[in-house]
Chemist: 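Can you keep this structure in mind? I'll have questions shortly.
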Amino acid sequence: MSNQIILPRIMQVGENASLEIPTILGSLGCTRPLIITDKMMVELGYARQVQSCLEEHQITSEVFDDTVPEPTVSSIQAGVEAVRNGNYDSIIALGGGSPIDSAKAISILGKFGGEMRDYKFPRIVNEVGLPIIAVPTTAGTGTEVTRFTIITDETNDEKMLCVGVGFMPIAALVDYKLTLSLPARITADTGIDALTHAMEAYVSKKASPYSDSQAIAAMKLIGPNLRRVYHDGSDKKAREAMMLGSTLAGVAFSNASVALVHGMSRPIGAAFHVPHGLSNAMLLPAVTEFSIPSAVEKYADCARAIGVATQADSDEEANQKLMAELRALNDELQVPTPEQFGISRQQFFDLMPTMAEQALASGSPNNNPIVPTAEQIIDIYKQLW
């Protein structure tokens, strides 16, 4: 059986990759970009840096900075209007997962109209919107190399998964220098998100030899460096490793899909406004423990790639070490429980049946080594308390 691999047409990886934007715009024949970002990127001067780089090549650009964390249908609407009313021929998506996810949605809606709900999975979106040059500033989401975007419908708190080559950026510029200013909390949450992407892609029922190779390479980079960047954000070697690891994990899960952690994570984020990487981190140990019995060898490979087990360890020993590591990682990176995050126990327990339904409806749990029932999902949610 063959596997289709979908990637950005252009990837620029390494220090100062972001300075190549004018060259890439030129290769695409584009001269009128809209920079989609958030207010933090403007405050930190990154948006200005991109504009200055463009101005040196006589390219004028405008900035749309009204994206929000965990983008919603209403939060992207102003960007859609900006695209419809402006004479733009391309989008530069600058920031973490939320600005890039917002840009993907704005690219499609701005060109083709309709509502975000029209484009949600199981529809596969192959229409080509405005070309997107993605410039990530976090080492976590991998969205710069994926054909997915997630937009929340605030009318019912549903995180809508939207899938298709139409959402794939045409170029990804992976510059670790843009992550040096990230605070420890965002570094931790996005780093565990990247680790989750790599692990879930590797154990996914849709995995292939290609996605496996990317996932293992990602874990080898992320495992030894996540703690280092958390404790010392100025560690350039660790930042570079995390940035490449995040991108490789993105390639892996874009082509193999994610599994149960993500399926269960999205409803927590939508209902309780928990950042995506953080809700993944809350779930990763419990979901891994649930799933190991049906993928003993694969999870043992994860333990060895991360660096907590060796070839001398049996698969069972490796998996014991993996579980110990995931729990220790959450402790060291100060990942809160839902209760510590401030979520009401009563609300959380009352919503569990709905969250379980939403998790199953997303399709992601079907890729898990053990496909859970709604009751089993509820049992895992309960373990978070």
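Source: prediction; values computed, not measured.
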Chemist: Set out, in order, the CA-CA distance, both residues' side-chain angles and the distance that settles side chain to side chain donor-acceptor pair (under 3.5 Å) for Ser18 and Asp175, then state yes or no.
Modeler: CA-CA 6 Å; Ser18 56; Asp175 185 348; 2.7 Å; yes
Chemist: Walk me through it: do Gln320 and Glu316 pass the test side chain to side chain donor-acceptor pair (under 3.5 Å)?
Modeler: CA-CA 6 Å; Gln320 287 170 8; Glu316 288 73 15; over 6 Å; no
Chemist: Hey, which of Ile268, Val261, Leu384 is the one that makes side chain to side chain contact (heavy atoms under 4.5 Å, CB included) with Ser279?
Modeler: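 Output: one option passes, namely Ile268.
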Chemist: Do Asp313 and Arg304 meet the salt-bridge criterion of a basic N to acidic O distance under 4.0 Å?
Modeler: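 Result for this pair is no, no salt bridge flagged.
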Chemist: When you check the gap from the basic side-chain N to the acidic O, do Arg48 and Glu55 get nearer than 4.0 Å?
Modeler: yes
Chemist: Side chains of Met41 and Pro99, heavy atoms from C-beta outward: is any pair under 4.5 Å?
Modeler: no
Chemist: Could you tell me which non-hydrogen atom of Pro267 sits nearest to which non-hydrogen atom of Gln358, and how far apart they are?
Modeler: CB-OE1, 3.5 Å
Chemist: How far apart are the closest heavy atoms of Asn319 and Ala300, and which atoms are they?
Modeler: OD1-N, 3.0 Å
Chemist: Grab the two heavy atoms, one from Ile377 and one from Met264, that are nearest each other, plus how far apart they are.
Modeler: O-CE, 3.5 Å
Chemist: Give me the atom names and distance for the closest heavy-atom approach of Ile370 to Ser294.
Modeler: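 Residues Ile370 and Ser294, closest heavy atoms: CG1-OG, 3.2 Å.
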Chemist: Could you check whether Asp189 pairs with Arg185 (Lys NZ or Arg NE/NH1/NH2 to Asp/Glu carboxylate O, under 4.0 Å)?
Modeler: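 Yes.
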Chemist: Does the side chain to side chain donor-acceptor pair (under 3.5 Å) test come out yes or no for Arg228 and Asn225, once each step is laid out?
Modeler: CA-CA 5 Å; Arg228 283 176 60 182; Asn225 290 293; 3.3 Å; yes
Chemist: Test side chain to side chain contact (heavy atoms under 4.5 Å, CB included) on Leu25 and Ser90; report intermediate values, then the result.
Modeler: CA-CA 8 Å; Leu25 282 171; Ser90 52; 3.5 Å; yes
Chemist: Within the supplied structure, the quantity of interest is the number of heavy atoms (other residues, nucleotides, ligands) at a distance under 6.0 Å from Lys236 NZ; does it exceed 12?
Modeler: no
Chemist: From His262 NE2 over to Ser257 OG, what is the distance, rounded to the nearest 0.5 angstrom?
Modeler: 10.5 Å
Chemist: When clusters are formed by joining ILVMFWY residues with side-chain heavy atoms under 4.5 Å apart, either directly or through shared neighbours, do Met282 and Met323 land in the same one?
Modeler: yes
Chemist: As an exercise, state the distance from CG of Asp193 to CG of Leu278, rounded to the nearest 0.5 Å.
Modeler: 10.5 Å
Chemist: Could you check whether Phe167 and Phe148 have their ring centres less than 6.0 Å apart?
Modeler: no
Chemist: Any chance you could lay out the side chain to side chain contact (heavy atoms under 4.5 Å, CB included) test for Leu326 and Met199, step after step, and finish with the verdict?
Modeler: CA-CA 12 Å; Leu326 295 180; Met199 287 180 61; 4.3 Å; yes
Chemist: Applying side chain to side chain donor-acceptor pair (under 3.5 Å) to Thr67 and Asp38, what does each step give before you reach the verdict?
Modeler: CA-CA 5 Å; Thr67 66; Asp38 59 26; 4.8 Å; no
Chemist: Among Leu260, Val287, Asn366, which residue satisfies the side chain to side chain contact (heavy atoms under 4.5 Å, CB included) criterion with Pro372?
Modeler: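 Checked Leu260, Val287, Asn366 against Pro372; only one passes side chain to side chain contact (heavy atoms under 4.5 Å, CB included): Leu260.
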Chemist: What's the separation between atom CD1 in Ile92 and atom CD in Gln51, rounded to the nearest 0.5 Å?
Modeler: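 Rounded to the nearest 0.5 Å, the CD1-CD separation comes to 9.0 Å.
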Chemist: What do the steps show when you test Asp66 against Lys39 for side chain to side chain contact (heavy atoms under 4.5 Å, CB included), and what is the final call?
Modeler: CA-CA 7 Å; Asp66 283 336; Lys39 290 189 164 39; 2.4 Å; yes
Chemist: Going from OG1 on Thr137 to CG on Leu182, what distance comes out if it is rounded to the nearest 0.5 angstrom?
Modeler: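 Reported to 0.5 Å precision, the distance equals 6.5 Å.
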Chemist: Consider only side-chain N and O atoms of Thr143 and Lys104, and report whether a donor and an acceptor are under 3.5 Å apart.
Modeler: yes
Chemist: Please confirm whether Arg345 makes a cation-pi placement over Phe349, using NZ or CZ under 6.0 Å from the six-membered ring centre and within 45° of the ring normal.
Modeler: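 Ring-cation test returns yes.
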Chemist: Mark yes when over 12 heavy atoms from residues, nucleotides or ligands other than Gln340 sit less than 6.0 Å from its CD; otherwise mark no.
Modeler: yes
Chemist: Should Lys111 and Glu127 count as an ion pair when the cut-off is N to O under 4.0 Å?
Modeler: no
Chemist: Can you tell me how far the CD atom of Glu15 sits from the CG atom of Leu178, to the nearest 0.5 Å?
Modeler: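 If we round to the nearest 0.5 Å, Glu15:CD and Leu178:CG are 10.5 Å apart.
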Chemist: Which atom pairs, one a donor and one an acceptor, fall under 3.5 Å between side chains of residues 28-37 and the rest of the protein, sequence neighbours left out?
Modeler:
unit_1 : atom_1 : unit_2 : atom_2 : d
Arg32  : NH2    : Glu62  : OE2    : 3.0
Thr37  : OG1    : Leu94  : O      : 2.8

Chemist: Which residue is it: Val145, Leu173, Thr146? I am looking for the one with a side chain to side chain contact (heavy atoms under 4.5 Å, CB included) to Pro8.
Modeler: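 Answer to the side chain to side chain contact (heavy atoms under 4.5 Å, CB included) test with Pro8 among Val145, Leu173, Thr146: Val145.
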Chemist: Measuring from atom CD of Glu154 to atom OG of Ser74, what distance do you get when rounded to the nearest 0.5 angstrom?
Modeler: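 The distance works out to 3.5 Å.
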Chemist: Which heavy atom in Arg84 sits nearest to a heavy atom in Gly110, and how many Å separate them?
Modeler: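 For Arg84 versus Gly110, the nearest heavy atoms are CG-O, 3.5 Å.
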Chemist: What heavy-atom pair brings Phe341 and His273 nearest, and what distance separates the two atoms?
Modeler: CZ-O, 3.8 Å
Chemist: Between Lys120 and Glu115, does any side-chain N to carboxylate O distance fall below 4.0 Å?
Modeler: no
Chemist: Using the ring of Tyr202 (Phe, Tyr or Trp, six-membered ring only), decide whether Lys298 places NZ or CZ under 6.0 Å from its centre and within 45 degrees of its axis.
Modeler: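 Satisfied, under 6.0 Å and within 45°.
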Chemist: Are any side-chain N or O atoms of Ser27 and backbone N or O atoms of Ile24, one a donor and one an acceptor, separated by less than 3.5 Å?
Modeler: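 Here the side-chain-to-backbone pair exists.
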Chemist: Does Glu158 come within less than 4.0 Å of Arg117, counting only side-chain N to carboxylate O?
Modeler: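 Yes, this pair counts.
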Chemist: Answer yes or no: is there an ion pair linking Glu240 with Lys237, defined by an N-O contact shorter than 4.0 Å?
Modeler: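 Here Glu240 does not pair with Lys237 in a salt bridge, since their nearest N and O are not under 4.0 Å apart.
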Chemist: Is a side-chain donor-acceptor pair under 3.5 Å present for Tyr46 with Ser181?
Modeler: yes
